[in-house]
Amino acid sequence: MSVWPAWEVRDHHTATTWCNVRLAFDDGAQVDVLAVLCEGAVSIEDVRARPPLSLDDLAVLSDWIEGPLQEAYGVAIEPAGAAVGDDAPEKRHARPTWPRGVEGRRAVAEVYLTAQEAGHDAVLAVMCATGRSRRGALRLIAAARDAGFLTPRHARR
């Protein structure tokens, strides 16, 4: 975790500070946040994450950045609902855990076929299940096809 100032604006007795916060996780995921500190309140201006954050992770993002901002700027921030440190970023993953190898390919095929039978977008279903981008989901689907869990896309001549 790292915090560094972006810029600061002073107006008589108050100061508004924009700062960058970078969270790096053990699984290679990374979240960059542009936060605004003004009179003890924190607002989030921009969030960039690789892979994209789920709604659950986005909901606890403020808890993740609370501690580093308190340490860097000495701002007393009241937690909204949970105690500080309950959901430390080292314990959470931006991407759901997904089995690797043959088990992962089989699971991708099951999600794909289930969505296809229900008449839903199968690629979107794999994206939601794995937490991957569209391109990543297409790679997983191709690997499941190559492993023989899905039918070939085109007949070979």
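All residue numbers refer to positions in the sequence shown, counting from 1. Since the model is a prediction, treat every value here as computed from it, not as a measurement.
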Connected-component partners of V102 among ILVMFWY, side-chain separation under 4.5 Å: F149
E117: side-chain contact (heavy atoms from CB on, under 4.5 Å) partners, not counting sequence neighbours: none
Separation of I141 CD1 from R134 CZ (nearest 0.5 Å): 8.0 Å
Heavy-atom closest contact (L140 atom, R132 atom, distance): CD1-CG, 4.0 Å
Distance, nearest 0.5 Å, that separates CG of L150 from CZ of R106: 12.0 Å
Test log, rule side-chain contact (heavy atoms from CB on, under 4.5 Å), inputs N20 and D32: CA-CA 7 Å; N20 294 307; D32 291 318; over 6 Å; no
Point-to-point distance, once rounded to the nearest 0.5 Å, from CG of D121 to CD of Q116: 10.0 Å
Residue pair W98 / A107: nearest heavy atoms and the distance that separates them: CZ2-CB, 3.5 Å
Among D56, V60, L61, the one residue meeting side-chain contact (heavy atoms from CB on, under 4.5 Å) with L58: L61
Donor-acceptor pair, side chain of R22 and main chain of V31, under 3.5 angstrom: no
Considering all heavy atoms, the nearest P51-G131 contact: CB-O, 3.6 Å
Heavy-atom closest contact (S133 atom, M127 atom, distance): O-CG, 3.9 Å
Straight-line distance of Y112 OH to L124 CG, nearest 0.5 Å: 12.5 Å
